[in-house]
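For reference, the structure discussed in these notes is given below.
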Amino acid sequence: MAHWLVKSEPASWSFDDQVAAGNAGTFWNGVRNHTAKQYLMAMELGEHVFFYHSNHGKAIVGVVEVIRPYYPDETDPTGKFGMVDFKAVASMPQPVALDVIKAEPGLAAMVLVKNSRLSVQPVTVEEWALVCRMGGLAPGL
DNA sequence: GCCAACGTTGGC
DNA sequence: GCCAACGTTGGC
């Protein structure tokens, strides 16, 4: 099972919005970048994904689960990009802020640190476990 | 197919 | 609100 991280501007779509969508979940789109698309396409059913708030927030605030793998996004006029469906799984008891991530040597290689503009990114098993621990979340998630 | 110009993202 | 980094576009 691979792990991932997606970014969302909370003013347009926040983790609270995701939680409000309940177990039925909802689509997550807005990817207009081919690298991000590659990762989005690689997501499999049941995989877990960190939910990061960019700009206002700048913290990993929760975990979502892939409940429907990649499918076309009809709102994309170019027809090139697709989306997945997520449902909220857990919110971080203690959100893990970007400056804390940057200060943690074990997370220095995170894509979030190295390529801050990529909106969908892979997370290694080690990074996943460490961020969960820092956020006060059970590592099994 | 190269590369300059432009647009967008996102941290500060 | 500014600006650096990066992706994309389009002229050649």
Side-chain angles (χ1 to χ4, degrees), chain A residues 1-139 141:
Chain A
M1 293 266 281
H3 291 98
W4 310 95
L5 180 146
V6 298
K7 300 204 276 194
S8 190
E9 165 61 49
S12 54
W13 183 251
S14 72
F15 188 69
D16 285 344
D17 294 330
Q18 186 71 57
V19 170
N23 279 339
T26 186
F27 64 91
W28 191 89
N29 67 352
V31 165
R32 296 291 183 269
N33 167 291
H34 289 285
T35 307
K37 178 190 170 181
Q38 293 307 115
Y39 291 132
L40 205 63
M41 289 179 74
M43 287 185 187
E44 293 179 16
L45 197 66
E47 287 183 335
H48 284 168
V49 182
F50 283 138
F51 197 96
Y52 175 82
H53 279 171
S54 58
N55 288 322
H56 294 281
K58 283 184 291 180
I60 295 172
V61 292
V63 175
V64 297
E65 180 178 320
V66 180
I67 57 172
R68 183 179 174 188
Y70 192 87
Y71 62 103
D73 176 0
E74 281 93 14
T75 69
D76 173 24
T78 71
K80 288 180 186 168
F81 297 100
M83 56 196 185
V84 299
D85 284 4
F86 289 143
K87 71 170 183 182
V89 171
S91 63
M92 286 284 175
Q94 188 182 327
V96 182
L98 182 61
D99 53 0
V100 174
I101 290 170
K102 285 185 167 175
E104 168 56 53
L107 299 176
M110 270 191 90
V111 182
L112 191 65
V113 176
K114 295 202 303 182
N115 183 1
S116 63
R117 292 194 50 199
L118 188 60
S119 57
V120 182
Q121 2 180 312
V123 174
T124 69
V125 175
E126 292 80 12
E127 290 162 354
W128 184 271
L130 186 49
V131 171
C132 282
R133 202 178 318 137
M134 291 165 76
L137 216 56
L141 278 169

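Per the geometry, NZ belonging to Lys80(A) stands 10 Å off C1' belonging to dT9(C), to the nearest Å. What separates NZ of Lys114(A) from P of dG10(B) is a distance of 18 Å, to the nearest Å. Taking atom CZ of Arg117(A) as the reference point, atom P of dG11(B) lies 11 Å away to the nearest angstrom. Across the protein-nucleic acid pair, Asn33(A) atom CG and dA5(C) atom P stand 18 Å apart, rounded to whole Å. Whole-Å rounding puts the Lys37(A) NZ to dT8(C) P distance at 11 Å. Counting to the nearest Å, the P atom of dG11(B) and the NE2 atom of His53(A) are 12 Å from each other. In this structure, the CE atom of Met110(A) is 15 Å from the P atom of dG10(B), given to the nearest Å. If you take CG of Asp99(A) and P of dG11(B), they are 11 Å apart, rounded to a whole angstrom.
Residue Asn55(A) is in base contact, counting any heavy-atom pair closer than 4.0 Å across all strands shown. At the heavy-atom level, Leu98(A) lies under 4.0 Å from the strands shown only through sugar-phosphate atoms.
Closest approach of Met134(A) and Val96(A) over heavy atoms only: C-CG2, 4.0 Å. Closest non-hydrogen pair, Lys87(A) versus Gly22(A), comes out as CB-O, 3.8 Å. Residues Ser14(A) and Phe51(A) share a closest heavy-atom pair of C-CE2, 3.8 Å. Residues Trp28(A) and Met83(A) share a closest heavy-atom pair of O-CB, 3.1 Å.
Here the nucleotide nearest the side chain of Lys58(A), chosen from dA5(C), dC12(B), dG7(C), is dC12(B).
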Derivation of the salt bridge (Lys or Arg N to Asp or Glu O under 4.0 Å) call for Lys37(A) and Asp73(A): CA-CA 12 Å; Lys37(A) 178 190 170 181; Asp73(A) 176 0; over 6 Å; no

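A close approach under 4.0 Å does not occur between any side-chain nitrogen or oxygen of Tyr52(A) and OP1 or OP2 of dT9(B). Between Lys102(A) and the phosphate of dC12(B), there is a side-chain N or O to OP1/OP2 separation shorter than 4.0 Å.
For dT8(B), its base never sits under 3.5 Å from the side chain of Arg32(A) at any donor and acceptor pair.
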